[in-house]
Amino acid sequence: MKWNPSESGAESGTSESQTGCYGDINKVDTTGASCRTAKAEGVRASTTIAAKDLPAMNKYKTIIKNAGRKRCVDPAVIAGIISRESHAGKALKDGWGDRGNGFGLMQVDKRYHKLIGPWYSEAHLLQGTGILVSMIKRIQKKFPRWTKNQQLKGGISAYNAGPRNVQTYNEMDIGTTGNDYANDVVARARFYKRNGY
């Protein structure tokens, strides 16, 4: 996550639903990772990257599901973001990434947020997921005519580059890391959904 979220807060909500209140990840269209991201990863597709991260991701499955339940976000979406941001912690050095600015599994940016909890904790995931929820809500306000699934994808894009970066549905990833952030995260999330998240 690289944008300045000064105009948003991490809002919370609770629900027992594990599919989430903000759309169905299996119904969100996606092109997956761009050639640039796939090449940088040394693989051809988002699902291959997500599969490589699965053993490490499974260490955090319980807290991912807990955070999803508490914030009413599909745990697969949280796992998709964790895979993209930190490869389930494998890309971090003592919990840090993004040249020392990103913290934790979800890479909360220390320049814009007061960090909460250890990098691998449920408290951290609740913070990161709360930021995602606030971005989805910003996209809902900005694009009220989009479907719930389109707003979910827009919120995922905004998690990386901010809500101002999302201008149109088809080009929402322009300006995100690799120009494919939401498409890649959605494809990874679908993989995690098929694998018990």
Side-chain angles (χ1 to χ4, degrees), residues 1 5 8-28 30 32-33 45-92 95-97 102-109 113 115-137 139-140 148-149 151-160 181-197:
M1 181 172 60
S8 70
E11 301 168 30
S12 67
T14 59
S15 170
E16 294 303 311
S17 170
Q18 288 295 294
T19 58
C21 297
Y22 303 102
D24 182 345
I25 197 64
N26 285 324
K27 294 181 180 172
V28 177
T30 181
S46 300
T47 53
T48 305
I49 301 167
K52 278 175 45 180
D53 292 341
L54 184 60
M57 191 72 68
N58 284 336
K59 294 185 222 169
Y60 308 108
K61 190 173 192 175
T62 299
I63 63 170
I64 290 168
K65 286 187 161 199
N66 287 345
R69 180 179 44 79
K70 290 176 181 178
R71 294 286 191 249
C72 200
V73 171
D74 189 327
V77 173
I78 299 168
I81 289 172
I82 290 170
S83 176
R84 173 69 185 232
E85 290 287 347
S86 70
H87 292 290
K90 296 183 300 180
L92 304 179
W96 294 94
F103 180 74
L105 294 168
M106 294 184 78
Q107 288 293 278
V108 174
D109 197 311
H113 298 279
L115 303 176
I116 299 172
W119 67 267
Y120 50 82
S121 68
E122 185 175 327
H124 164 72
L125 294 186
L126 286 168
Q127 180 181 28
T129 305
I131 294 165
L132 173 64
V133 167
S134 71
M135 291 300 94
I136 295 167
K137 289 181 176 183
I139 295 301
Q140 288 171 340
K148 215 172 183 182
N149 296 327
Q151 291 166 341
L152 171 60
K153 187 176 181 183
I156 292 168
S157 178
Y159 183 83
N160 177 253
Y181 189 88
N183 279 294
D184 186 25
V185 167
V186 167
R188 294 185 198 209
R190 285 182 175 180
F191 170 84
Y192 291 116
K193 188 76 170 169
R194 292 190 302 271
N195 283 274
Y197 284 82

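FYI, side chains are in, hydrogens and waters are out, and symmetry mates aren't considered; it's all heavy atoms of this structure. Sequence positions, counted from 1, serve as the residue numbers for this chain. Since we're looking at a predicted model, the values are computed, not measured.
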Next on the checklist: I need the single residue from Ile136, Ile156, Ile139 that forms a side-chain contact (heavy atoms from CB on, under 4.5 Å) with Tyr22. Which is it?
Outcome noted: Ile136
Residues in side chain to side chain contact (heavy atoms under 4.5 Å, CB included) with [X], at least two apart?
| X | value |
| --- | --- |
| Ile63 | Tyr60, Glu122, Leu125 |
| Ala91 | His87 |
| Thr30 | Asn183, Val186, Ala187, Arg190 |

Let me confirm one number: the [atom1]-[atom2] distance from [X] to [Y], rounded to the nearest 0.5 Å.
| X | Y | atom1 | atom2 | value |
| --- | --- | --- | --- | --- |
| Asp74 | Lys65 | CG | NZ | 10.0 Å |
| Leu152 | Lys27 | CG | NZ | 13.0 Å |
| Ile82 | Met57 | CD1 | CE | 5.5 Å |
| Phe191 | Ser83 | CZ | OG | 9.0 Å |
| His113 | Phe103 | NE2 | CZ | 13.0 Å |
| Ile78 | Thr129 | CD1 | OG1 | 3.5 Å |

Checklist entry - Between Tyr159 and Glu85, is any pair of side-chain heavy atoms under 4.5 Å apart? => result yes
Check: [Y] main-chain N/O paired with [X] side-chain donor or acceptor under 3.5 Å:
| X | Y | result |
| --- | --- | --- |
| Gln127 | Ile116 | yes |
| Lys148 | Cys21 | yes |
| Ser134 | Ile131 | yes |
| Arg71 | Leu126 | yes |
| Tyr192 | Ala50 | yes |
| Asp184 | Ser46 | no |

Minimum-distance pair of heavy atoms, taken over all atoms of [X] and [Y]:
| X | Y | value |
| --- | --- | --- |
| Val185 | Val77 | CG1-O, 4.4 Å |
| Gly68 | Pro75 | CA-CG, 4.5 Å |
| Asn195 | Lys61 | O-NZ, 3.6 Å |
| Val108 | His124 | CG2-CE1, 3.7 Å |
| Ile25 | Ala189 | CG1-CB, 3.7 Å |
| Pro55 | Ala51 | CD-O, 3.6 Å |

Item to check | Check against side chain to side chain contact (heavy atoms under 4.5 Å, CB included), Arg194 and Thr47 | outcome: CA-CA 11 Å; Arg194 292 190 302 271; Thr47 53; 3.7 Å; yes
Next on the checklist: Using the salt bridge (Lys or Arg N to Asp or Glu O under 4.0 Å) criterion, which residues pair with Lys90? Sequence neighbours excluded.
Outcome noted: Asp53
Next on the checklist: Once salt bridge (charged side-chain N to carboxylate O under 4.0 Å, His left out) is applied, what residue pairs with a partner in residues 124-134 remain, sequence neighbours excluded?
Outcome noted: none
Next on the checklist: Can you list everything that forms a side-chain hydrogen bond (donor to acceptor under 3.5 Å, both in side chains) with Asn58? Sequence neighbours excluded, please.
Outcome noted: Tyr197
